[in-house]
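All remarks here apply to the structure that follows.
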Amino acid sequence: GFNFIKKNKNKNVKRHEIEKLLSLGFQQEKIHLIDHHECHAASAYYGLAKNLKDKYLIFTSDGGGDGLTSSVWVGENSKMRRVNCSNCYSLGNIYSMTTHFLGFKSHEHEYKIMGLAPYSKKEHTEKYVKFFQKFLSLKNDDTVFYNPNILSHAIFANQLSKTFKNDRFDNIAGGLQLFAEEITKRWVKGNIKKYGITKILGSGGTFMNVKINKLISEIPEVKSIDVFPSCGDESNIFGAAFSVNAKIQKNINLSKLKSYTLGTHISRDLESTLKKFKDRILIKEVSDINSFIAEKLSQNKIIARCSGPMEFGARALGNRSILANPNMLQNVGIINRAIKNRDFWMPFAPMILDTKVNDYIKLPKSLINTPYMMFACDTVEKNRENMICSIHQSDFTARPQIVDEKRYKDIHEILSKFYQITGIPVLLNTSYNLHGFPIVENSNQAVEVFINTALDFLIIDSTVICKKMN
């Protein structure tokens with residue numbers, strides 16, 4: 001009965017949305033309704049598949065959309081078909097509700113729980129894993145999620161509060177993350193066994209968890225894996241466009257994801273911004289800006305680099321980034337306390353020259369590249385100290401951005417020049433924003449954040465900005 005009511009409610013919402021679009025002058029034949037999880041699947045398949053003729057197994061998982069919380073698809077010959085799905089109270093729901101229970105913002109701070117988890121010892125997390133296992137399991141040979149008992153936000157929140165009122169939050173975080181990793185790994189393995197497909201793609205909010213992605217990439221049966229960058233609901237616009245394009249236009253070559261710097265250009269308000277803040281900043285034009293950045297980073301200066309079009313989604317990939325020398329451990333404290341005001345346990349991430357990756361990162365065979373920071377990886381012990389600021393301080397994993405010249409021409413040049421000076425082909429990279437605020441988009445925001453933090457330099461394209469001393 002509940003599902004019938006839910007489906008009819010969704011139909012009424014969609015009808016209302018269509019009526020609004022028609023009232024704004026859109027033509028009925030131009031409006032296409034694409035299912036939420038189909039959008040997730042299409043973003044991964046059409047955006048990432050190396051060869052659309054091959055068979056891919058596509059997984060989607062999140063807090064829910066259009067009546068589903070997870071699905072599995074087979075992509076082959078430029079077409080997708082859904083092979084199973086679930087509308088149960090999901091892993092995404094459990095993770096978000098536990099995030100809220102621990103005093104953080106659900107649907108925003110789940111990454112903090114993931115970052116905290118490695119600080120708990122495994123022997124302290126086992127009872128929490130068993131707790132979460134009571135609420136979510138797998139059936140049909142580990143291919144479909146289900147709830148052993150009726151579950152909702154209210155029921156689960158009540159159970160959390162009743163059971164763990166006085167427990168340590170790091171142990172709860174560790175148990176939740178371990179449970180999430182184990183059940184997702186079983187789900188992927190179960191579907192690989194059932195469908196015999198070993199090329200894996202993922203999308204949906206659950207796959208923002210880079211530690212889960214790491215575990216999947218290490219499954220022996222997985223031949224290749226990729227996850228759509230910033231794959232929460234924000235990227236469903238790509239999936240919707242890809243899906244309609246494949247069905248209507250049948251021009252699948254349009255879909256391939258080549259870059260994720262798709263936003264507005266930083267310099268469009270630069271002139272007015274420099275005038276606005278002229279009493280508080282000094283400016284200088286530098287012809288060889290990449291050499292300047294590399295040299296200052298080698299001197300342990302901390303730099304905000306804003307250049308070109310903004311990255312789409314949650315990850316800063318060099319165009320709206322704070323960059324720092326990765327082997328000076330004090331930089332972690334400086335950036336956390338004086339710039340970003342982040343929780344002390346949260347790690348930063350490395351950007352690494354593509355030609356030197358294997359000297360620093362242990363890439364699984366299934367993972368050819370990770371240019372968008374969607375996977376955690378183990379690090380190479382002998383070179384760990386050279387990138388100590390940009391790895392997790394407890395388990396020494398990293399969430400690398402592999403930098404190739406074709407995709408990231410200027411960042412590749414900065415890294416290469418920094419490597420020539422220091423012998424280290426790695427930089428610390430974190431998004432340019434204050435804690436709790438979005439990544440800066442334009443020049444005005446960039447300068448405003450700069451003058452209120454302990455950053456040494458702000459670079460906007462080829463303009464070097466520093467603060468006037470009082």
Discussion item. In terms of relative ring orientation, are Phe238 and Tyr260 parallel, tilted or perpendicular, with 30° and 60° separating the classes?
Written reply: tilted
Modelled atom types, side-chain donor and acceptor of Ser230 and Glu234, under 3.5 Å:
yes
Axial cation check for Tyr419 ring with Lys356, 6.0 Å and 45° limits: no
* Do Asp404 and His412 meet the criterion of a side-chain donor-acceptor pair at a distance under 3.5 Å? -> no
Side chain to side chain donor-acceptor pair (under 3.5 Å) pairs touching residues 215-226, sequence neighbours excluded, are Lys214-Glu218
ask   = Do we see a donor-acceptor contact under 3.5 Å between the side chains of His265 and Asn442?
value = no
Is a donor from one side chain sitting under 3.5 angstrom from an acceptor on the other, for Thr370 and Gln401? no
Hits for salt bridge (Lys or Arg N to Asp or Glu O under 4.0 Å) against Glu123, two or more places apart or cross-chain, chain-then-number order -> none
Residue pairs passing the side chain to side chain donor-acceptor pair (under 3.5 Å) test with at least one member in residues 97-110, sequence neighbours excluded, are Ser96-Glu110
Assess the pair His40 and Phe59: is the distance between their ring centroids shorter than 6.0 Å? no
Note to self: Is it true that Asn433 and Ser431 share a donor-acceptor pair across their side chains at a distance under 3.5 Å?
What the structure shows: yes
- Query: Without hydrogens or angle criteria, can the side chains of Asp170 and His124 be said to hold a donor-acceptor pair below 3.5 Å?
  - Reply: no
Describe, in one word, how the ring planes of Phe242 and Phe228 are oriented to each other, choosing from parallel (under 30°), tilted (30 to 60°) and perpendicular (over 60°). perpendicular
Donor + acceptor pair across side chains of Asn290, Lys417 (<3.5 Å):
no
| Is it true that the side chains of Lys362 and Thr379 contain a donor and an acceptor less than 3.5 Å apart? | no
